[in-house]
> 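Structure provided below as structure tokens; questions to follow.
Just so we're on the same page: letters track the sequence lines, and every chain starts at 1. Only this structure's heavy atoms are used, side chains among them; waters, hydrogens and symmetry mates stay out.
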Amino acid sequence: MKLEQILYPENVDLARRVQVHLLKKLKLRPLTESPRLLAAVDAAFTEELVLAAVCLFSFPELELLEEQTGIEPVRFPYIPGFLSFREGPAIYHTLQKLSRKPDLLLVDGQGIAHPRRLGIATFLGIILDTPSVGCAKSHLVGEFRMPARSGGSCCRLTHRGQLVGYVLRSRTAVRPIFVSPGHLVSPRDALNLVRKGLRGFRVPEPLRRAHHLTQNLKLSPPGNKPCRNKNSGHN
DNA sequence: GCGACAG
DNA sequence: ATCTTGTCGC
């Protein structure tokens, strides 16, 4: 199947077929080696644009190594279960701008905790053939017990009799986050990796950075580059 | 038919 | 996600 038809299906039915197609390629297995380069991705929106941001970090130190952004017109509506067709293309093309290929993708959204096991983390992991982890701020599918009130507690997230991730209370008294494996990792890997990235916040540090970058992009879009010789005081 | 429903 | 002001609490 061509990349063009995977990224830009013309309607929801075709999008569903893309998901069913990609599912055949899904592989979940424990990581052999710890990742060294983690890329956190996020997207923001205006009425007509998708603004993507990618932040590359060393792992597990989490030192920022590189940032990239990209903008595309909105081509797909937001429909629960089809988020990857709204945000995916812009994020995909922005990831291609990185000077180095990441060992792990940390995505703002679900992995296999999805009606068809194809959340955006799984989608990106498969088309880029890279291990990925989904970290969503709210529930999409699956059954779970609410984790205890204290930070660090977590419960399994199951769907149709399968373990699809964990519900994690990253900090005391905050709403839990939903962690699920995307591609080429195990549910436990996903949980462990997200925990290492928390740094005391509700959402992993790398994703916060990506989110901020996305918001800044909306405020200072490229093309609005300040011209030299205009009130710069040195001419 | 009813309720749920990532970002 | 985005819109959108003040306000409750540590």
Side-chain angles (χ1 to χ4, degrees), chain A residues 7 9 12 15-16 18-19 22-23 26 40-55 69-92 94-95 105-127 132-144 146 149-151 157-160 162 164-168 170-183 187 190-191 194 200-204 206-219 221:
Chain A
L7 293 178
V12 188
R16 182 179 287 99
V18 169
Q19 294 180 329
L22 292 181
L23 181 58
L26 172 61
V41 306
D42 192 19
F45 297 85
T46 66
E47 286 203 341
E48 63 275 345
L49 302 174
V50 185
L51 309 141
V54 172
C55 298
T69 60
I71 302 179
E72 287 192 16
V74 168
R75 298 190 41 166
F76 206 89
Y78 169 66
I79 300 172
F82 298 89
L83 178 64
S84 53
F85 302 99
R86 184 170 173 79
E87 303 191 344
I91 292 175
Y92 172 82
T94 304
L95 276 165
L105 304 179
L106 186 55
V107 186
D108 191 337
Q110 311 285 356
I112 65 170
H114 177 280
R116 291 167 294 282
R117 302 286 180 273
L118 238 105
I120 189 169
T122 302
F123 179 88
L124 291 171
I126 290 177
I127 66 179
S132 62
V133 169
C135 184
K137 294 180 292 299
S138 62
H139 173 254
L140 177 60
V141 298
E143 307 89 50
F144 61 98
M146 196 55 80
R149 187 173 190 282
S150 66
L157 176 64
T158 59
H159 182 54
R160 298 178 189 171
Q162 183 190 357
V164 294
Y166 293 89
V167 183
L168 172 65
S170 46
R171 298 181 61 182
T172 298
V174 301
R175 285 178 305 155
I177 57 177
F178 297 75
V179 180
S180 59
H183 185 48
L191 181 60
V194 165
F201 293 103
R202 182 185 171 228
V203 163
L207 279 181
R208 302 189 75 220
R209 179 83 196 196
H211 182 70
H212 292 154
L213 184 49
T214 216
Q215 297 302 306
N216 293 332
L217 185 56
K218 283 182 69 172
L219 301 179

> Given 3.5 Å as the limit, does a donor-acceptor pair link the side chain of S180(A) with the main chain of G111(A), or not?
yes
> Test the R208(A)-F201(A) pair against the cation-pi criterion, namely NZ or CZ under 6.0 angstrom from the six-membered ring centroid and within 45° of the ring axis.
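That pair qualifies as a cation-pi contact.
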> For DNA chain C, what dot-bracket results from Watson-Crick or G-U pairs at under 3.5 Å, with [ ] for crossers and | for inter-strand partners?
..........
> Are D42(A) and R209(A) close enough for a salt bridge, meaning some N to O gap below 4.0 Å?
no
> Any base atoms under 4.0 Å from G134(A), or only sugar-phosphate, or nothing? Heavy atoms, all strands.
nothing
> Is there a side-chain contact between K137(A) and the phosphate of dA6(B), meaning an N or O under 4.0 Å from OP1 or OP2?
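Answer is no, no contact under 4.0 Å.
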> Can you measure R75(A) atom CZ to dA1(C) atom P for me and round it to whole angstrom units?
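Whole-Å distance recorded here is 23 Å.
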> Which heavy atom of C135(A) sits nearest to which heavy atom of L106(A), and what is that distance?
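That would be CB-CD1, 4.4 Å.
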> Check the distance between dA1(C)'s C1' and L217(A)'s CG and give it to me in whole angstrom.
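Going from CG in L217(A) over to C1' in dA1(C) covers 15 Å.
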> Answer with base, sugar-phosphate or nothing: what part of the nucleic acid does F82(A) contact at a heavy-atom distance below 4.0 Å?
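Base: the residue F82(A), judged by heavy atoms under 4.0 Å, touches a nucleobase.
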> Quick check: does any side chain N or O of T172(A) sit under 3.5 Å from a backbone N or O of G151(A), one acting as donor and the other as acceptor?
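Checking the backbone N and O of G151(A) against the side chain of T172(A), a donor-acceptor pair under 3.5 Å is found.
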> Look for any protein N or O under 3.5 Å of an N or O in nucleotides 2-8 of chain C and output each such pair with its distance, or none.
unit_1, atom_1, unit_2, atom_2, d
dT2(C), OP1, F45(A), N, 3.4
dT2(C), OP1, K218(A), NZ, 3.2

> Determine, answering yes or no, if F178(A) is stacked on dA6(B) under the 5.5 Å centre rule and the 30° plane rule.
no
> H139(A) side chain N/O closer than 4.0 Å to the phosphate oxygens (OP1, OP2) of dA4(B)?
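For dA4(B), OP1/OP2 do not have a side-chain N/O of H139(A) under 4.0 Å.
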